[in-house]
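Each remark here refers to the structure printed beneath this line.
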Amino acid sequence: MQRVRIGAGALWLAILPGLSLAQTCPQGLARDGVWIEFPDRTVMTHVLSDGRIAETEYPFDGGPVYGYITLPMGLVLESWALENGRAPAADRETVTYVGTPDPVPFPAPGVRFDGIETSVFADGGQSRYTINVTVGSGAPVTIGGCTYTGFPVDVTRIEMDGTVYRDGMMHLGELGVTIYLGFSDDGSVPVPLMPVSISMMAPMAGGASAPGTAPPPLPTPPGGTAGVPSK
């Protein structure tokens with residue numbers, strides 16, 4: 001699954017503009033959800049009661065809204081796109097992983113997963129890759145005015161024809177969420193697109209988010225139950 005949406009070590013430590021100094025930075029596992037703003041999209045992400053992560057992604061170009069259910073490592077288990085309120089079959093996907101260790105581990109420094117990823121789409125299409133995931137050492141990363149411990153997660157997929165894809169992600173230890181930063185389809189290290197703000201409320205157009213307001217409930221995944229975590 002390529003989420004078309006780590007790079008040099010200095011970028012993990014980048015201090016980026018975003019929220020006002022008066023904001024309240026989200027802390028603790030993101031059970032109630034947090035909004036993370038990137039230069040090209042806004043993502044609302046929850047940690048579910050079973051540890052999986054639910055994301056709803058709103059692109060700034062007016063395209064489809066994307067939904068994901070992922071493992072704590074950031075690997076996608078389910079994905080869909082909503083167009084006019086419905087999910088086209090070609091964009092509804094379920095993904096399974098078989099490998100070592102089993103199951104896929106929680107992200108922590110030095111952790112590695114090697115295995116096979118199989119994607120099945122609702123229209124009958126399938127894809128299969130070998131996959132290697134590694135987690136690097138933690139380092140402070142500042143998003144807007146909020147600082148967390150970021151653990152780089154590097155994903156390499158190799159298609160049966162030998163094509164190499166790579167994803168760059170980062171696990172935010174204090175929040176328990178793994179965010180997507182970049183993709184390459186030529187085997188090169190992805191250039192990370194770092195977030196610019198993080199808040200309990202959707203960012204306002206032309207300004208920072210107001211602190212302290214919880215996001216709305218997570219939309220129901222196609223064919224599934226509502227992804228609202230227990231507290």
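Here the structure is a predicted model, which is why all the values come from computation and not from measurement. Only this structure's heavy atoms are used, side chains among them; waters, hydrogens and symmetry mates stay out.
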After noting the C-alpha distance and the side-chain angles of E93 and S119, does the key distance pass the side chain to side chain donor-acceptor pair (under 3.5 Å) rule? CA-CA 7 Å; E93 175 192 31; S119 297; 2.8 Å; yes
Should V111 and F151 be counted in the same cluster of Ile, Leu, Val, Met, Phe, Trp and Tyr side chains packed under 4.5 Å apart? yes
Please examine the side chains of P26 and I198, heavy atoms only from C-beta on, and report whether any two atoms are closer than 4.5 Å. yes
On a heavy-atom basis, the closest approach of A87 and L82 is N-CD2, 4.0 Å
Between L193 and D40, is a side-chain contact (heavy atoms from CB on, under 4.5 Å) present by the stated rule, with each step listed? CA-CA 9 Å; L193 186 65; D40 63 345; 3.4 Å; yes
Grab the two heavy atoms, one from V104 and one from M73, that are nearest each other, plus how far apart they are. CG1-CB, 4.2 Å
pair H46-D32: side-chain heavy atoms closer than 4.5 Å: no
Is there a donor-acceptor contact under 3.5 Å linking the side chains of T70 and E55? no
Would a distance-only check, ignoring hydrogens and angles, find a side-chain to backbone donor-acceptor pair under 3.5 Å from Y97 to F113? no
Side-chain heavy atoms of L172 within contact of V141, under 4.5 Å: yes
Under 4.5 Å between any side-chain heavy atoms of F121 and S127, yes or no? yes
Is the backbone N or O of P72 less than 3.5 Å from a side-chain atom of R52, with the two atoms forming a donor-acceptor pair by type? no
Are L29 and V153 linked, directly or through other ILVMFWY residues, by side chains that come within less than 4.5 angstrom of each other? no
Residues D167 and P190: closest non-hydrogen pair is C-CG, 4.0 Å
Could you walk me through whether V43 and I179 pass side-chain contact (heavy atoms from CB on, under 4.5 Å), step by step? CA-CA 9 Å; V43 179; I179 60 176; over 6 Å; no
For the CD atom of E57 and the OG1 atom of T42, what is their distance to the nearest 0.5 Å? 9.5 Å
Determine the minimum heavy-atom distance between R41 and P59, stating which atoms define it. CB-CA, 4.0 Å
side-chain contact (heavy atoms from CB on, under 4.5 Å) evaluation trace for I69 with W80: CA-CA 9 Å; I69 303 294; W80 59 93; 4.0 Å; yes
Which pair of non-hydrogen atoms, one from I36 and one from P195, has the smallest distance, and what is that distance? CG2-CB, 3.5 Å
Is it true that the side chains of E78 and Y68 contain a donor and an acceptor less than 3.5 Å apart? no
For the residue pair Y165 and F183, categorise the inter-ring angle as parallel (less than 30°), tilted (30 to 60°) or perpendicular (more than 60°). parallel
Look at the side-chain heavy atoms of Ile, Leu, Val, Met, Phe, Trp and Tyr, link any pair under 4.5 Å apart, and say whether V120 and L75 land in one connected group. no
Would a 4.5 Å heavy-atom cut-off, applied to side chains only, mark F106 and H171 as touching? yes
Calculate, to the nearest 0.5 Å, the distance between atoms OG1 and CD belonging to T118 and Q126 respectively. 7.5 Å
Over 12 foreign heavy atoms within 6.0 Å of CG, D161: yes
Shortest non-hydrogen separation from S137 to P109 and the atoms involved: CA-CB, 4.3 Å
Is any side-chain heavy atom of R166 less than 4.5 Å from a side-chain heavy atom of S188? no
Under 4.0 Å between a side-chain nitrogen and a carboxylate oxygen: does that hold for E117 and R157? yes
Less than 4.5 Å apart, any side-chain heavy atom of V164 and any of T156? yes
Taking side chain as C-beta onward, heavy atoms only, is R112 less than 4.5 Å from V133? no
State the CE-CE distance between M170 and M194, to the nearest 0.5 angstrom. 4.0 Å
May I have the step-by-step check of side-chain contact (heavy atoms from CB on, under 4.5 Å) for L48 and I53, ending in yes or no? CA-CA 6 Å; L48 302 178; I53 300 168; over 6 Å; no
So, taking the atom named CZ in F38 and the one named CG in L181, what distance separates them when rounded to the nearest 0.5 Å? 6.0 Å
Kindly compute the distance separating CE (M200) from CE (M44), expressed to the nearest 0.5 Å. 11.0 Å
For the CD1 atom of I158 and the OG1 atom of T163, what is their distance to the nearest 0.5 Å? 10.0 Å
